[in-house]
Novice: 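Can you keep this structure in mind? I'll have questions shortly.
Residue numbers begin at 1 in each chain, while the letters A, B, ... track the order of the sequences.
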Protein chains: 2
Amino acid sequence: MTASHHEMFQDYLARKRLKMTPQRRAILDVFLSVEEHLSSEELYAKVKQVDPSIGQATVYRTLKLLADAGFAWVVDFNDGVTRYEHQVGHAHHDHLICERCRTNIEVVDPEIERLQEDLARRHGFVLTHHRMYLYGLCQDCRGKTAP
Amino acid sequence: MTASHHEMFQDYLARKRLKMTPQRRAILDVFLSVEEHLSSEELYAKVKQVDPSIGQATVYRTLKLLADAGFAWVVDFNDGVTRYEHQVGHAHHDHLICERCRTNIEVVDPEIERLQEDLARRHGFVLTHHRMYLYGLCQDCRGKTAP
DNA sequence: TTCACTGCAAAAGATTTGCACCCTC
DNA sequence: GAGGGTGCAAATCTTTTGCAGTGAA
């Protein structure tokens with residue numbers, strides 16, 4: 001399984017005339033082993049446990065590469081830190097957020113997904129990904145008075 | 001028209017026990033006069049044309065304030081710069097963003113809007129607003145090689 | 001009079017880059 | 001052997017903050 005990811009990455013690198021290195025292999029392995037989104041900083045900390053000689057700049061550079069290669073998705077919490085997640089075993093989802101209690105429900109609507117592609121295509125775009133945040137009030141909070 | 005915005009802002013400030021200042025007034029005016037999204041940097045440049053004595057930190061601070069007050073919305077293009085837009089006289093729209101050239105097309109799809117409401121209702125939510133960002137490659141950039 | 005506000009400059013934090021050496025392909 | 005890759009440190013870039021003076025309420 002991990003072997004096939006190495007192969008896929010290897011292929012990607014070959015296509016771009018880039019090279020596979022022990023560092024890139026190590027960073028990919030650590031990245032795929034974590035089932036949550038990670039900042040470059042956080043990944044760097046974990047990578048150092050495996051190989052302390054790897055530098056932070058290499059982690060930044062490799063994470064960008066993994067994003068280009070399609071192994072990593074950018075997740076933006078709008079707090080100044082870029083986070084990445086891999087979708088191996090992960091499904092895409094959008095967010096339904098209650099403005100009062102901050103409850104966050106992960107949702108997916110296949111029809112909306114399809115219409116997003118259509119909409120983009122009408123404008124000549126090919127989508128790589130999207131983010132959708134729906135804000136409102138949940139059932140519980142709707143009954144209560146404002147805080 | 002602008003006067004009423006001053007009043008609304010004034011009210012907001014009073015409620016929060018904050019103060020109206022010439023700087024805040026000037027920044028609000030300039031912000032509302034621009035019909036596109038602006039970064040703090042860009043707004044600062046425009047504000048300086050009106051009053052060169054206003055500092056950049058004040059623009060950053062005021063923009064945050066305007067966002068809290070509901071005059072400004074954060075628009076996130078995922079490129080490390082926070083942008084703001086006002087919705088005075090603006091219809092709601094979503095964003096179709098080219099990841100290469102950063103072109104931003106404002107889009108609305110009534111069917112998607114409707115399905116969003118449906119989706120929310122199925123989860124017991126009533127929506128107040130939403131943000132949708134579609135990321136991809138535009139027609140022009142799709143032909144070019146990576147930078 | 002009282003604090004919030006401001007400009008400035010320094011600080012902070014995240015990410016990028018220049019460089020000399022290293023090592024895949 | 002050629003050219004991409006790496007670690008390190010310095011450099012950038014955006015945004016925040018400390019401070020001493022200013023001014024709105």
Side-chain angles (χ1 to χ4, degrees), chain A residues 6-7 9-28 30-31 37-45 47-69 72 74-84, chain B residues 6-7 9-28 30 37-45 47-69 72 74-84 99 102 145-147:
Chain A
H6 283 177
E7 275 170 42
F9 192 30
Q10 182 81 264
D11 285 353
Y12 173 83
L13 294 173
R15 244 178 295 127
K16 296 268 183 176
R17 302 212 178 153
L18 303 175
K19 294 168 182 173
M20 178 57 99
T21 65
Q23 290 91 334
R24 288 179 175 172
R25 225 186 313 265
I27 292 169
L28 175 63
V30 174
F31 179 63
H37 43 74
L38 288 175
S39 65
S40 186
E41 194 78 23
E42 291 164 342
L43 181 56
Y44 174 53
V47 165
K48 279 226 294 207
Q49 293 173 12
V50 175
D51 181 347
S53 73
I54 294 179
Q56 185 155 22
T58 300
V59 176
Y60 270 101
R61 287 187 277 229
T62 304
L63 220 26
K64 274 224 149 109
L65 198 59
L66 290 176
D68 288 343
V74 173
V75 184
D76 193 345
F77 288 6
N78 219 16
D79 66 348
V81 183
T82 302
R83 273 167 256 262
Y84 297 84
Chain B
H6 284 175
E7 275 170 41
F9 192 32
Q10 181 81 264
D11 286 354
Y12 174 83
L13 294 173
R15 244 178 294 126
K16 297 269 184 175
R17 310 223 166 140
L18 303 175
K19 294 169 182 171
M20 178 57 99
T21 65
Q23 290 91 335
R24 287 178 177 174
R25 225 184 314 266
I27 293 169
L28 174 62
V30 175
H37 43 74
L38 289 174
S39 64
S40 187
E41 194 79 23
E42 291 163 342
L43 181 56
Y44 174 52
V47 165
K48 278 226 293 207
Q49 293 173 11
V50 175
D51 181 348
S53 73
I54 294 180
Q56 184 155 25
T58 299
V59 176
Y60 270 101
R61 287 186 279 228
T62 303
L63 220 26
K64 275 224 149 110
L65 197 59
L66 290 177
D68 289 343
V74 173
V75 185
D76 191 350
F77 289 5
N78 234 335
D79 66 347
V81 183
T82 302
R83 272 167 257 262
Y84 297 83
E99 296 196 289
R102 290 286 144 195
T145 48

Novice: For a quick test of reading the model: is some side-chain N or O of A:Gln23 closer than 4.0 Å to OP1 or OP2 of C:dT24?
Specialist: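 It does not, given that no N or O in the side chain of A:Gln23 lies less than 4.0 Å from OP1 or OP2 of C:dT24.
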Novice: Nearest 0.5 angstrom please: B:Leu66 CG to B:Phe9 CZ, how far?
Specialist: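 Spacing of CG (B:Leu66) from CZ (B:Phe9) equals 4.5 Å.
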Novice: Does A:Arg17 make a side-chain N or O approach to OP1 or OP2 of D:dG3 shorter than 4.0 Å?
Specialist: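 Answer no for this pair, as no side-chain N or O of A:Arg17 is under 4.0 Å from OP1 or OP2.
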Novice: For the pair made of CZ in A:Arg15 and C1' in D:dG4, what is the distance, rounded to whole Å?
Specialist: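 From A:Arg15 CZ to D:dG4 C1': 18 Å.
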Novice: Find which nucleotide of DNA chain D each of B:Met20 and A:Ser53 is nearest to by heavy atoms, and output the residue with the more 5' nucleotide.
Specialist: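 Closer to the 5' end of DNA chain D: A:Ser53.
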Novice: CD1 of A:Ile27 versus P of D:dG5: gap in Å, rounded?
Specialist: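 Taking CD1 of A:Ile27 and P of D:dG5, I get 12 Å after rounding.
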Novice: Measure all distances between protein nitrogen or oxygen atoms and nitrogen or oxygen atoms of nucleotides 21-23 of chain D, and list the pairs falling under 3.5 Å.
Specialist:
unit_1, atom_1, unit_2, atom_2, d
D:dG23, N2, B:Lys19, NZ, 3.2

Novice: Looking at CD of A:Glu7 and CG of A:Asp11, how far apart are the two atoms once the value is rounded to the nearest 0.5 Å?
Specialist: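 Here the rounded value is 7.0 Å.
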Novice: For A:Leu38 and C:dT15, what is the distance between atoms CG and P respectively, to the nearest whole Å?
Specialist: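 After rounding, the gap between these two atoms is 13 Å.
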Novice: When the distance from NZ of A:Lys16 to P of C:dC25 is rounded to whole Å, what number comes out?
Specialist: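 Checked: the NZ to P distance equals 17 Å.
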Novice: Look at A:Thr21 and D:dT6 and indicate whether a side-chain polar atom (N or O) is within less than 4.0 Å of OP1 or OP2.
Specialist: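 The answer is yes; a side-chain N or O of A:Thr21 sits under 4.0 Å from OP1 or OP2.
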Novice: Does D:dA24 have OP1 or OP2 under 4.0 Å away from a side-chain N or O of B:Arg24?
Specialist: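 So the side chain of B:Arg24 is outside the cut-off, no N or O lying under 4.0 Å from OP1 or OP2 of D:dA24.
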Novice: Going from CD1 on A:Ile27 to CG on A:Asp51, what distance comes out if it is rounded to the nearest 0.5 angstrom?
Specialist: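 Separation between the atoms: 9.0 Å.
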Novice: Check the distance between C:dA14's P and B:Asp79's CG and give it to me in whole angstrom.
Specialist: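 Atom CG in B:Asp79 sits about 18 Å away from atom P in C:dA14.
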Novice: Given 3.5 Å as the limit, does a donor-acceptor pair link the side chain of A:Arg24 with the main chain of A:Gln10, or not?
Specialist: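 Side chain of A:Arg24 to backbone of A:Gln10, a donor-acceptor pair under 3.5 Å: no, none is there.
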Novice: Nearest whole Å is fine: how far is D:dG3 C1' from A:Leu13 CG?
Specialist: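 For the pair A:Leu13 CG and D:dG3 C1', the rounded distance is 15 Å.
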Novice: Could you give me the CA-CA distance, side-chain angles and deciding distance for A:Val30 and A:Leu43, then say whether side chain to side chain contact (heavy atoms under 4.5 Å, CB included) is met?
Specialist: CA-CA 8 Å; A:Val30 174; A:Leu43 181 56; 3.6 Å; yes
Novice: Distance check needed: C:dT6 P versus B:Lys48 NZ, whole Å only.
Specialist: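 Going from B:Lys48 (NZ) to C:dT6 (P), I get 17 Å.
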Novice: Apply side chain to side chain contact (heavy atoms under 4.5 Å, CB included) to residues B:Leu18 and B:Leu65 and explain how you reach the verdict.
Specialist: CA-CA 10 Å; B:Leu18 303 175; B:Leu65 197 59; 3.8 Å; yes
Novice: Could you tell me the separation between the CD atom of A:Glu42 and the NE2 atom of A:His37, rounded to the nearest 0.5 Å?
Specialist: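 So the gap between those two atoms works out to 8.5 Å.
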Novice: What's the OH-C1' distance between B:Tyr44 and C:dT6, to the nearest Å?
Specialist: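 In whole Å, C:dT6 C1' lies 12 Å from B:Tyr44 OH.
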Novice: At under 4.0 Å between heavy atoms, how does the protein contact nucleotides 9-20 of chain D? Give one character per nucleotide, 5' to 3', with B, S or -.
Specialist: -----SBBBB--
